[in-house]
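Computed from a prediction, not measured in an experiment: that's the story for all the values here. Just so you know, ligand 1 is whichever comes first in the structure, and atom 1 is the first atom listed for that ligand.
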Amino acid sequence: MNFEFTEKSKQLQSDISRFMEQHIYPIEKAHDEFVENNRWQHYPDSEKLKSLAKSKGLWNLFLPKGYGDLSPGLTNLEYAPLAELMGKVIWSSEIFNCSAPDTGNMEVLAKYGSATQQEQWLKPLMNGEIRSAFLMTEPAVASSDATNIETSIVKDGDEYVINGRKWWSSGAMNPACRFFIVMGKTNPDAERHVQQSMILVPKDTPGVNIIRPLKVFGNYDSPEGHAEIELNNVRVPAASLIQNEGDGFAIAQGRLGPGRIHHCMRLIGGAQRALDMMCTRVASRKAFGKQISGFSSIRQDIALSRCEIEQARLLTLATADKIDRFGIKEAKDLVAMIKIVVPQMTCNVVDRAIQAFGGMGVCQDTPLPGFWLYGRTVRIADGPDEVHMYQLGRNTIKQSMI
Ligand SMILES: Cc1cc2nc3c(=O)[nH]c(=O)nc-3n(C[C@H](O)[C@H](O)[C@H](O)COP(=O)(O)OP(=O)(O)OC[C@H]3O[C@@H](n4cnc5c(N)ncnc54)[C@H](O)[C@@H]3O)c2cc1C
């Protein structure tokens, strides 16, 4: 493994850092206040910033070069430090059209979508003109086991009819969200992993009812939000199916791998920023006649945080490198490892930073609560920690028996 970044990646790192310094950090507070006070509305300058990022070539960088002309041509290893920089301001990845859940949905459509589906949905998504959501999780069943999903997708002539209830549909509250990728069952009697299919559903289709937005620890995560949605006799043309009946589970696996590593890359950026902020803060305040940075407990917290971030970063780069060289399937154990390690590391590091900031650490004056929330929720989203440990443990035992 050689983690020396290519010239192309280094140039983009410097371009993104400059963009963040010039256009993102200066409006961070104003942006956060606006979205807090204007639910389901975009910050007024967001579109201008997106156009600027696009004009500078800082756009869709997440899509690896295997996607040919659709991709700006980076490997996962080249993209990792760029996503880390974007992770320093949680909402900034959307400015570069690199935000979840659209990135995962774009990969699904780029990999499995028909020419018509790509023209209708992928093109505007890649241009940043619309947003999307991914509807897998259901309130009625333990959705960490995707084979439990109960939503039905039934063929009726040249249409499919969809019935079910979803929740935690991230991005579905976004006023720019135009369509969903819905996972359901086309054949509940088939073998366990081929019962599922994925289908495209325009958000304004009759029978799509947004029941309510869900709060995350009291936050609406506006303007994207997370919705509970009822699908009541929703009819779409048969050509809306992605690939074939029974391919849904395999497509979901292909979608979630890259999504997981992107979350980890961004979380490392959040953790690094928390540590940098902690160092500045403790060097600027005194308690009991001493600089706070001089207390050994604080230095231990800082040292430990630095070790943990670097460990997580190296593991994430190793995962990116393995995906680039051998494909997502071969890298599945490493993807599980980072999914277990990175969100927990972020929570630990950010928690120490919050402690060092005292009361300021828990209020809206720093991005620290947002970083902690992101780490905490990723411990559940895209598969809870325990599920990854369960599968990684099983694979590790299997491999040791060979
Ligand atoms: C902020 C956020 C955003 C999300 N965004 C989306 C989205 O856009 N689209 C979407 O479809 N879903 C989304 N989700 C849903 C998320 O993927 C699910 O919550 C997750 O897969 C767990 O499913 P569940 O909630 O049904 O929990 P359950 O499946 O009921 O699991 C509950 C708990 O049971 C335990 N458990 C389960 N399996 C095992 C095991 N094998 N070993 C030990 N313990 C186990 C774990 O502690 C687990 O947390 C999001 C969730 C959050 C919090």
Is it the case that over 12 heavy atoms from other parts of the model lie below 6.0 angstrom from the [atom1] atom of [X]?
X      : atom1 : value
Tyr390 : OH    : no
Gln41  : CD    : yes
Lys10  : NZ    : yes

Sub-3.5 Å donor-acceptor pair from the side chain of Lys65 to the main-chain atoms of Ser71, do we have one? no

Would the distance check show the side chain of Lys50 and the main-chain N or O of Trp59 forming a donor-acceptor pair, the cut-off being under 3.5 Å? no

Check ligand 1 against [X] and write out every atom of the ligand that is under 4.0 Å from a heavy-atom position of the residue.
X      : result
Asp382 : 17 (O)
Ser170 : 3 (C), 4 (C), 5 (N), 6 (C), 7 (C), 8 (O)
Tyr390 : 41 (N)
Glu386 : 42 (N), 43 (C), 44 (N), 45 (C), 46 (C), 47 (O)
Val141 : 26 (O)

Atom 24 (P) of ligand 1: nearest protein contact (heavy atom, Å): Ser143 N, 3.9 Å

Can you find a non-hydrogen atom of Val378 under 4.0 Å from ligand 1? no

Do NZ/NE/NH1/NH2 and the carboxylate oxygens of Lys54 and Glu47 come within less than 4.0 Å?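 Salt bridge: no.
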
Flag atom 38 (N) of ligand 1 as yes if some protein heavy-atom distance to it falls below 4.0 Å, otherwise no. yes

Any N or O of Ala381 closer than 3.5 Å to N or O of ligand 1: no

Do Trp168 and ligand 1 have an N or O pair less than 3.5 Å apart?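 Checking ligand 1 against Trp168, an N or O pair does fall under 3.5 Å apart.
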
Restricting to side chain to side chain donor-acceptor pair (under 3.5 Å), what partner residues turn up for His226, sequence neighbours left out?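 Testing His226 for side chain to side chain donor-acceptor pair (under 3.5 Å), a comparison that skips the adjacent residues, returns Ser170, Asp221.
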
